[in-house]
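It should be emphasised that the depicted structure is a prediction, and the values quoted were computed from it without experimental measurement. All ligand and atom numbering here is 1-based and tracks the order in the structure.
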Amino acid sequence: MSNIVELETARGTRFEFWARQKPGKSKPEQTDGELFALRSGQRTLYRIAALPPYFQYYGYTHHADGPLTVEWDENVIEMSLFYRYAPAEVAGEGVTFLELKGGRLVARPKEAWPAWYQSDPDRPQLRFSPFQAWMNDPNGLCFIDGRYHLFYQFHPVEAEWGPMHWGHAVSDDLYRWTHLPVFLHPEQNLWSLGATGGAFSGSAFIGPDGGVSFYYTERLPAYDLFKDYKEVQRHVVPSTDLLRPEANSLVLIDGPPGSAHDFRDPKVWYDSDRGAYRMVLGAAIDGDPAVLLYGSQNGADWKYLAVLYRAPEHFRQHGARCVECPDFFELDGRFVLVMGFVGYTEPETGRHNLLYAQVGLFEDDRFNPLTPALQELDFGTDFYAMQSFRAKERQIAFAWLFNWEFRKPAGSPYSGELSLPRVLGLDAQLRLTMLPEDGYRTLRSRALAQASPGRFICEPGQPIELSLTGALDGIRIVGRGGEGESFTIAHHAERLQVSVAEDTGEIEYRSTPLTLENLRLFFDRGVLEIFANDGAVCGTRRTYKITALTALELIPSAATRVDACEAWSYHSVWGD
Ligand code: FRU
């Protein structure tokens, strides 16, 4: 074979990769039945004799001591994701990403991640994003043995949505993450079927005995993105190190009458008063987006109980297909229901796929709202598939910063980013509030200087925070980069509005009416998260156009009175 590299490899090291035959290389000439091999001296330990034209997952565990030689035919093999790890060490060290490139084997252990993350001028530095390839929803969030686990919807072979896996990362503080091996795979090779589907979204469940397991949806091989697919619910018990599924069982196959192909994204909890398990699922009932409630005595046998929530007709009439990623949790003695309405376009503003919350009571398996209307959770819309979990007596949430409206320019090695970790609360009007988890303060590097009153000079590429209190009605905040305005936030006609460089004006990103009392924003290489009025009104935008700020300007109106104002530059969470 054309390339050979020696690699020091400890006993127990595991290699995992996704590979196929390079497109256009229909019949490789002199392959002698070897396209990739791992050898110890003369001994062949692992060999790929033929590669399919579609991606396939490969894994090898080294049950011997000493170095390995890695040999490959770079003309024929195309590898997408490739990493190795020592199972006993991986919780701290993470995986080492590998790349076959120009006859070399490039290794990127944890020490090399800062350079990798920081070298992309459009890659957020305060937020989680996958090392490479595609990510969407956060899944399986949990706090186990003092560490936060994040799983996420992952398509390992390219920076586009496709057959779904669960990626995995771990953190001590919700900000700095260590990449772990892929946790869940689709039931079968969907690339070979020319299908999509796989391990869809789901969540962690802490059982009555304190043990953690996961419920998720498997979308069976699907040949149409919008209809005629089948979604079933599965339960996974992980290995004690949480690296692998130890048992994976099918627990729920069919939805109730009136439901159709959308039947997904389970969230499960244990109701200790009843001594019973409860599950919510996103679905549609007779075409209306709905949340379904299921019950179980053992977590394995599930019974349909009721429609917990059914969206008003308005949503179906404006394109909503179903509820996605329902979240349902107790907070300060109330229950909060969070839902994404996929397909919905709001007629007044043109915004789509919005996320809503409603606060109420959960009594006798009924959700009785205490607030009359749905609360819009994010007026900027790039905050979707939010999932929350309980840790250290706080309800913490992450969401996927994406709305399918804009996307990272082609050529990026990855797609998909998560929000800052947010702590959830309820205010006096029973609105769900979201504020960044306090740990962000430890990441501040220095206060930003003002060139003139209200004009802060930024360090391009470094995340910034601006926080204001006062009577802020009428204020405008402009983020500028070398090539022009990156974003503008304005309090105008009683609402907060936000626009970014790529906006054409067709969609209006604006909040519900408010008197603006305080505002905290974070801008991070194109990600803008806005928290107003103590987190009761939030807005998130992702811009890909002007992502390095040189200045931040506050432009007050005659009515504006700023009482306090500070701005900070930040370190990267991917720093040393
Ligand atoms: C939301 C969603 C979920 C689904 C997953 C598939 O973004 O569509 O409903 O489980 O993504 O990747």
Is the centre of the Y152 ring less than 6.0 Å from the centre of the F398 ring?
no

Proximity of W166 and Y216 rings by center, below 6.0 Å:
yes

Listed pairs under 3.5 Å, donor-acceptor, residues 194-204 side chains, sequence neighbours left out:
unit_1: S201; atom_1: OG; unit_2: D137; atom_2: OD2; d: 2.7
unit_1: S201; atom_1: OG; unit_2: N139; atom_2: ND2; d: 3.0
unit_1: S203; atom_1: OG; unit_2: P266; atom_2: O; d: 2.7

Can you produce the list of protein nitrogen or oxygen atoms under 3.5 Å from a nitrogen or oxygen of ligand 1, alongside each distance?
unit_1: ligand 1; atom_1: 7 (O); unit_2: D137; atom_2: OD1; d: 2.8
unit_1: ligand 1; atom_1: 7 (O); unit_2: D137; atom_2: OD2; d: 3.3
unit_1: ligand 1; atom_1: 8 (O); unit_2: E324; atom_2: OE2; d: 2.7
unit_1: ligand 1; atom_1: 9 (O); unit_2: R264; atom_2: NE; d: 2.8
unit_1: ligand 1; atom_1: 9 (O); unit_2: D265; atom_2: OD2; d: 2.6
unit_1: ligand 1; atom_1: 9 (O); unit_2: E324; atom_2: OE2; d: 3.2
unit_1: ligand 1; atom_1: 10 (O); unit_2: S201; atom_2: N; d: 3.1
unit_1: ligand 1; atom_1: 10 (O); unit_2: D265; atom_2: OD1; d: 2.6
unit_1: ligand 1; atom_1: 11 (O); unit_2: N136; atom_2: ND2; d: 3.2
unit_1: ligand 1; atom_1: 11 (O); unit_2: D137; atom_2: OD2; d: 3.0
unit_1: ligand 1; atom_1: 12 (O); unit_2: N136; atom_2: ND2; d: 3.0
unit_1: ligand 1; atom_1: 12 (O); unit_2: Q153; atom_2: OE1; d: 2.7
unit_1: ligand 1; atom_1: 12 (O); unit_2: W161; atom_2: NE1; d: 3.1

E99 and R108 ion-paired at < 4.0 Å
yes

Check against side chain to side chain donor-acceptor pair (under 3.5 Å), T512 and R495
CA-CA 6 Å; T512 46; R495 297 168 192 266; over 6 Å; no

Plane angle bin for W18 and Y83 - parallel if under 30°, tilted between 30 and 60°, otherwise perpendicular
tilted

